[in-house]
Trainee: 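Have a look at this one.
Since this is a predicted model, take the numbers as computed values, not measurements. All heavy atoms count here, side chains included; hydrogens, waters and symmetry mates do not. Naming: A, B, ... by sequence-line order, numbering from 1 per chain.
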2 protein chains.
Amino acid sequence: MSKKEIIHLYKKVIEDLKFSIEKGDYKKGDLLPSENDLCKSYDTTRVTIRQALSSLANMGYITRRHGKGSIVSEPKTGLGILSVSGVTAGIGGQKLITTILDKPIKKDWPSNFFYHLDENAIKAGCIFFSRLRYINNIPVLYEETHITNIDLPRFSSRSLENRSLFKVLKEHYNIEVKEGEQKIWAILADKTISSLLNIKTTHPVVHMKRCLQTNVKGLNIYSSLYCNTEDHFLQDSF
Amino acid sequence: MSKKEIIHLYKKVIEDLKFSIEKGDYKKGDLLPSENDLCKSYDTTRVTIRQALSSLANMGYITRRHGKGSIVSEPKTGLGILSVSGVTAGIGGQKLITTILDKPIKKDWPSNFFYHLDENAIKAGCIFFSRLRYINNIPVLYEETHITNIDLPRFSSRSLENRSLFKVLKEHYNIEVKEGEQKIWAILADKTISSLLNIKTTHPVVHMKRCLQTNVKGLNIYSSLYCNTEDHFLQDSF
DNA sequence: AAACATTACTTGTATATACAAGATAACTTT
DNA sequence: AAAGTTATCTTGTATATACAAGTAATGTTT
């Protein structure tokens, strides 16, 4: 019954190093142990270690320098919403509070949904919820999320307040975002948005539509968000 | 004198496949030749082929499916400005015209420059130019660029109109963008921007600041751009 | 016809090894 | 003291191989 998850070595190396960096064992500019040192530590070969390091470089945790080593990158600040990791991970030390405006409910897709849906997705319907995020008690970001309605036991009852949607999906359902795309506009806040973000209707906001594909076939996450960038900004690294 | 550039096999595989995809030999949804087929074609081993394929997957050209193969991704449309490849590559089939407002000149960095500069960069000064980009004859995007002033022979005289800055840097100086970060705001157009983009001052625009690091130590590209997203949008894939 | 098993093909993970090439400090020569 | 050389560290590229695991079509049994 209990499916023994075999943990791949290169993934363990990734997790370990990521954890050490996030914990602060390695700080910005520090060198990670050399590939050969890591080989000894994990009793493996460079190919495996390099697979892990190249993945970390790709995720932005380190940059690699030929002849020098793996250098820990600057930790991301600002609203890291342009990255896959989501807002909760990106905001850094500031006080982030999330409120749920519409609790997750199963329903049909809206007519004229902003993304093309295939037959199976239409049949399945979706889970919808909306959240409003506060930074230092000021509403900054409003987000509407649609997820393809495949079987996610007890999803509706899980708390999405002050938690990353991505972490919930990963921890409880082993769902990971694999790829995605996003489109960005600058618009004036309409009545709804201006009242939610407590701004005037002449106030410009960033409007973003995202489609994220997961490792589960047919399970996509669509979100439409509005951000007041007066005191903050959206940030991305690559 | 003529430095014989050795072309690495995995890079050749990347270039070949990228070219084939862009040319249309492989279309969206098609499968690339299997790893073993590519091994035979290039007389190499899977490790090398996989290095190339994983790089292509990372660049968004393909997605890989365990047990299935390498699937060609949807070609990017829209203003692909959030990706490293730049605007000229991202706009696809539409008519894109670029005009140079300020030709590249060497000068000191502006006081209160938006990014932190180290001593060497300050000493070196910068090259500055600004461009206005039209899509279907409508001004859409204004961009100011600062590049660290290291020796780039004849750079000022090279045409940046209708050409990607990135392609010029790559072809003539072998300079490639390695990593970077960008920050995004929605703002109202000020007098300068509104007259450049031919819009009212109450019109919202996307404002973006980017810092791109290159493979040349100390050579960074800083750009500050403003985009009218009324008829277009900024797009990014990952 | 439906369910199951086999088979062949795909990508994923991993070991072991070799040499090339960039970075840096120590050493040697001038 | 300065310049050049060497040694040794680092990552980069590459070969050769093995088995695991996902996918899909085929064949077999029920």
Trainee: Send over the distance from B:Gln51 CD to D:dT11 P, rounded to a whole Å.
Mentor: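 To the nearest whole Å, that distance equals 15 Å.
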Trainee: Within the distance-only criterion (no hydrogens, no angle test), does the side chain of A:Thr148 pair as donor or acceptor with the backbone N or O of A:Asn220 below 3.5 angstrom?
Mentor: yes
Trainee: Whole angstrom is fine here: how far is it from CG in A:Asn36 over to P in D:dC9?
Mentor: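 The answer, rounded to whole Å, is 10 Å.
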Trainee: Should the pair B:Lys12-B:Glu15 be classified as a salt bridge under the 4.0 Å nitrogen-to-oxygen rule?
Mentor: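 No, this pair does not count.
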Trainee: Using chain B heavy atoms and a threshold of under 4.0 Å, write down where along DNA chain C the contacts begin and end, 5' to 3'.
Mentor: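 The contacted stretch runs from C:dT10 to C:dA21.
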Trainee: Return the 5'-most residue of the pair B:Ser34, A:Asp43 with respect to DNA chain C, ranking by each residue's nearest nucleotide.
Mentor: B:Ser34
Trainee: When you measure from the side chain of B:His146 to the backbone of B:Ile221, do you find a donor-acceptor pair of N or O atoms at a distance under 3.5 Å?
Mentor: no
Trainee: Indicate, with a heavy-atom threshold strictly under 4.0 Å, whether A:Arg65 touches base, sugar-phosphate, or nothing.
Mentor: sugar-phosphate
Trainee: Is it true that atom CZ of B:Arg64 has more than 12 heavy atoms of other residues, nucleotides or ligands lying nearer than 6.0 Å?
Mentor: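 Correct, the count exceeds 12.
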Trainee: So, A:Ser20 side chain and A:Asp16 main chain: donor-acceptor pair closer than 3.5 Å or not?
Mentor: yes
Trainee: On DNA chain D, nearest-nucleotide positions of A:His8 versus A:Gly67: which is more 5'?
Mentor: A:Gly67
Trainee: Under 4.0 Å, heavy atoms only, any strand: does B:Thr45 hit a base, just the sugar-phosphate, or nothing?
Mentor: base
Trainee: Assign A:Leu9 to base, sugar-phosphate, or nothing according to its heavy-atom contacts below 4.0 angstrom with the strands shown.
Mentor: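 Sugar-phosphate contact only.
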Trainee: For the pair made of CZ in A:Arg64 and P in D:dT11, what is the distance, rounded to whole Å?
Mentor: 6 Å
Trainee: Between atom CG in A:Asp37 and atom P in D:dT8, what is the gap in whole Å?
Mentor: 17 Å
Trainee: Should the pair A:Tyr222 and A:Tyr115 be assigned to parallel (<30°), tilted (30 to 60°) or perpendicular (>60°) ring geometry?
Mentor: tilted
